[in-house]
2 protein chains.
Amino acid sequence: MSAGEQRERKPRADVQRNRAALLETAQRHFLQHGVGTSLEAVAKEAGVGPATLYRHFPTREALLAAVLQTRSEELVARQADIDQLGDPAEALEQWLRAMEEYFSAFSGLPDPLMAAARAQEPDNPLTIPCDILISATDQYVRAAQLAGRVRASVRGHDLFLAACSVAWIKGTGTEEESLDRLRTLIASGYRQRDTQA
Amino acid sequence: MSAGEQRERKPRADVQRNRAALLETAQRHFLQHGVGTSLEAVAKEAGVGPATLYRHFPTREALLAAVLQTRSEELVARQADIDQLGDPAEALEQWLRAMEEYFSAFSGLPDPLMAAARAQEPDNPLTIPCDILISATDQYVRAAQLAGRVRASVRGHDLFLAACSVAWIKGTGTEEESLDRLRTLIASGYRQRDTQA
DNA sequence: CATCAAACGGATGCTGCCTCCGTATGTATT
DNA sequence: AATACATACGGAGGCAGCATCCGTTTGATG
């Protein structure tokens with residue numbers, strides 16, 4: 001209490017408990033019913049009133065961002081593995097797949113994600129994740145370009161959009177085979193042709 | 001009443017009138033607020049009760065399909081122009097742009113469209129339009145492939161998905177410049193390289 | 001003008017969103 | 001252990017949109 005410690009009241013225990021229950025339930029509901037799931041139902045199943053949910057997470061996006069936190073960390077962890085790869089083209093490819101899986105975590109996720117990526121609303125809790133992903137993608141693109149494996153005209157942002165698109169289509173229930181064809185099409189689009197000049 | 005004529009009662013005049021008013025209003029609302037617009041509001045502004053709207057168009061998709069009818073016809077009309085072009089690669093390109101514009105008619109349109117394209121629900125009034133578009137795309141693809149301008153591995157369905165994706169991204173409010181970059185990426189993906197062996 | 005099927009539309013029940021406010025709960029103090 | 005107090009809780013309620021039922025109106029017909 002002496003050394004600069006503000007000596008603030010310890011936060012209540014139920015706050016943490018409710019928050020955890022909400023996150024756990026929300027994740028399940030997002031998984032089962034997509035990002036548009038009923039928040040009222042989430043609250044009820046978590047054993048709290050609607051107001052408690054809204055107090056913890058003022059908007060659907062805030063809840064979504066919080067639930068996504070775990071997955072974001074997994075994505076960052078994957079980056080370490082990917083960076084180990086010697087081949088920058090392979091690294092880019094794997095990174096794109098990792099991002100796509102992240103976008104496909106819940107059906108309907110790409111929409112709020114794009115909304116966040118577009119506008120510069122700093123209050124949208126999904127904006128920061130998006131910005132990070134775009135610049136990370138740009139890193140991988142540049143590395144692959146230096147190795148002459150990716151066209152010079154390509155930007156990280158382009159492939160971010162492409163990955164988001166594929167995730168969106170995936171979310172609409174398209175068969176995996178069609179998705180693979182689309183991925184191949186995109187890959188042909190950004191890869192530098194070997195038979196150059 | 002003799003010659004096989006079933007002599008059925010002439011349909012009431014208000015039916016036609018209400019239907020027309022609903023379509024006109026619905027188009028305006030879809031344009032302004034996207035495909036998710038309030039059907040109640042549409043009915044009210046068209047000067048009819050909710051029940052009348054639902055009697056004419058049992059589902060949102062039915063109304064959407066009816067409103068889209070006009071645009072579909074415009075698309076067919078464009079086909080005539082496109083078919084005039086000598087260059088099959090150019091024809092494919094223009095066709096893809098035409099489809100993309102069609103998909104972008106209303107914000108949020110790509111979602112129900114993809115839903116219709118995916119499942120074989122013959123009762124979904126959007127399924128037929130989708131099937132037509134896919135096979136039309138396939139025609140253009142084949143023609144361009146015969147001319148050696150498009151990779152052999154590409155299918156019409158792939159480019160249908162790609163066009164739908166671009167339209168989806170457009171609907172999320174992304175800047176036109178980013179869209180152009182994405183279109184270019186896709187084009188690089190399907191075009192046959194000139195420096196072939 | 002009378003008839004009657006066809007179409008209409010208001011009322012209604014439902015679900016989900018979000019907020020207000022009286023109440024309960026956990027922490028700190030004595 | 002009991003009290004004081006801030007903090008968090010949650011039910012109630014207002015609102016909007018969907019979709020349907022059913023009593024009433026409308027307009028084609030003879």
Side-chain angles (χ1 to χ4, degrees), chain A residues 1-2 5-26 28-30 32-64 66 106-108 111-112 115 123-125, chain B residues 1-2 5-26 28-30 32-64 66 106-108 111-112 115 123-125:
Chain A
M1 61 182 71
S2 52
E5 279 298 321
Q6 256 310 104
R7 199 68 192 99
E8 288 185 346
R9 207 189 188 83
K10 188 196 296 179
R12 287 171 54 156
D14 47 357
V15 173
Q16 185 79 343
R17 200 150 31 78
N18 285 333
R19 185 186 156 89
L22 281 168
L23 284 176
E24 199 276 331
T25 309
R28 262 207 334 281
H29 280 240
F30 283 147
Q32 289 180 12
H33 313 294
V35 298
T37 194
S38 158
L39 298 188
E40 245 180 349
V42 170
K44 184 177 295 184
E45 197 179 311
V48 304
T52 297
L53 187 153
Y54 285 102
R55 200 172 306 111
H56 280 276
F57 309 102
T59 67
R60 185 180 293 272
E61 283 71 35
L63 177 56
L64 201 48
F106 315 121
S107 110
D111 291 81
D123 52 337
N124 186 328
Chain B
M1 64 175 69
S2 52
E5 278 298 320
Q6 256 312 101
R7 199 69 191 97
E8 287 186 348
R9 208 189 186 82
K10 188 196 294 178
R12 285 171 56 156
D14 47 357
V15 173
Q16 184 80 343
R17 198 151 29 80
N18 284 333
R19 186 187 155 88
L22 280 168
L23 284 176
E24 199 277 331
T25 310
R28 262 207 333 279
H29 280 241
F30 282 148
Q32 289 180 11
H33 314 294
V35 298
T37 195
S38 159
L39 298 188
E40 245 180 349
V42 170
K44 184 177 296 182
E45 197 178 311
V48 304
T52 297
L53 188 154
Y54 285 102
R55 201 171 307 111
H56 280 277
F57 309 102
T59 68
R60 184 180 295 272
E61 282 71 35
L63 177 57
L64 201 48
F106 315 120
S107 109
D111 290 82
D123 52 336
N124 186 329

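Predicted model, so just to flag it, every value in this text is computed and none were measured.
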Look at the side chain of [X] and the base of [N], then say whether one donor and one acceptor between them are separated by less than 3.5 Å.
{"X": "A/R9", "N": "C/dT27", "value": "yes"}
{"X": "B/R12", "N": "C/dA6", "value": "yes"}
{"X": "A/R17", "N": "C/dG26", "value": "no"}

So, is [X] close to the [N] phosphate, meaning a side-chain N or O under 4.0 Å from OP1 or OP2?
{"X": "A/S38", "N": "C/dT15", "result": "no"}
{"X": "B/H56", "N": "C/dA7", "result": "no"}
{"X": "A/T52", "N": "D/dG10", "result": "yes"}

As a test of reading the structure: which of [options] is closest to the side chain of [X], going by heavy atoms?
{"X": "A/N18", "options": "C/dG9, D/dC9, C/dA7", "answer": "D/dC9"}
{"X": "B/D14", "options": "C/dT27, D/dT26, D/dC21", "answer": "D/dT26"}
{"X": "A/R60", "options": "C/dA5, D/dC18, C/dC17", "answer": "C/dC17"}

Practice prompt. Remember a base hit wins even if backbone is also touched, and classify A/A13 as base, sugar-phosphate or nothing at under 4.0 Å, heavy atoms.
Written response: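 Answer is sugar-phosphate: A/A13 comes under 4.0 Å of backbone atoms only.
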Item to complete: Just call it for B/T37: base, sugar-phosphate, or nothing, with non-hydrogen atoms closer than 4.0 Å on any strand.
Response: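 Counting heavy atoms under 4.0 Å across all strands, the contact made by B/T37 is with sugar-phosphate only.
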Expressed in angstrom and rounded to an integer, what is the separation of [X] atom [atom1] from [N] atom [atom2]?
{"X": "A/E40", "N": "C/dC14", "atom1": "CD", "atom2": "C1'", "answer": "12 Å"}
{"X": "A/K10", "N": "D/dA8", "atom1": "NZ", "atom2": "P", "answer": "15 Å"}
{"X": "B/F57", "N": "C/dC8", "atom1": "CZ", "atom2": "P", "answer": "11 Å"}
{"X": "B/K44", "N": "D/dC18", "atom1": "NZ", "atom2": "C1'", "answer": "14 Å"}
{"X": "B/R55", "N": "D/dC22", "atom1": "CZ", "atom2": "P", "answer": "14 Å"}

Worksheet item: Tell me, which pairs form a salt bridge (charged side-chain N to carboxylate O under 4.0 Å, His left out) where one or both residues lie in residues 50-61 of chain B, sequence neighbours left out?
Response: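 Found none.
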Worksheet item: In terms of the nearest nucleotide of DNA chain C, which residue is placed more toward the 5' end: A/Y54 or B/G47?
Response: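 Final value for this comparison: B/G47.
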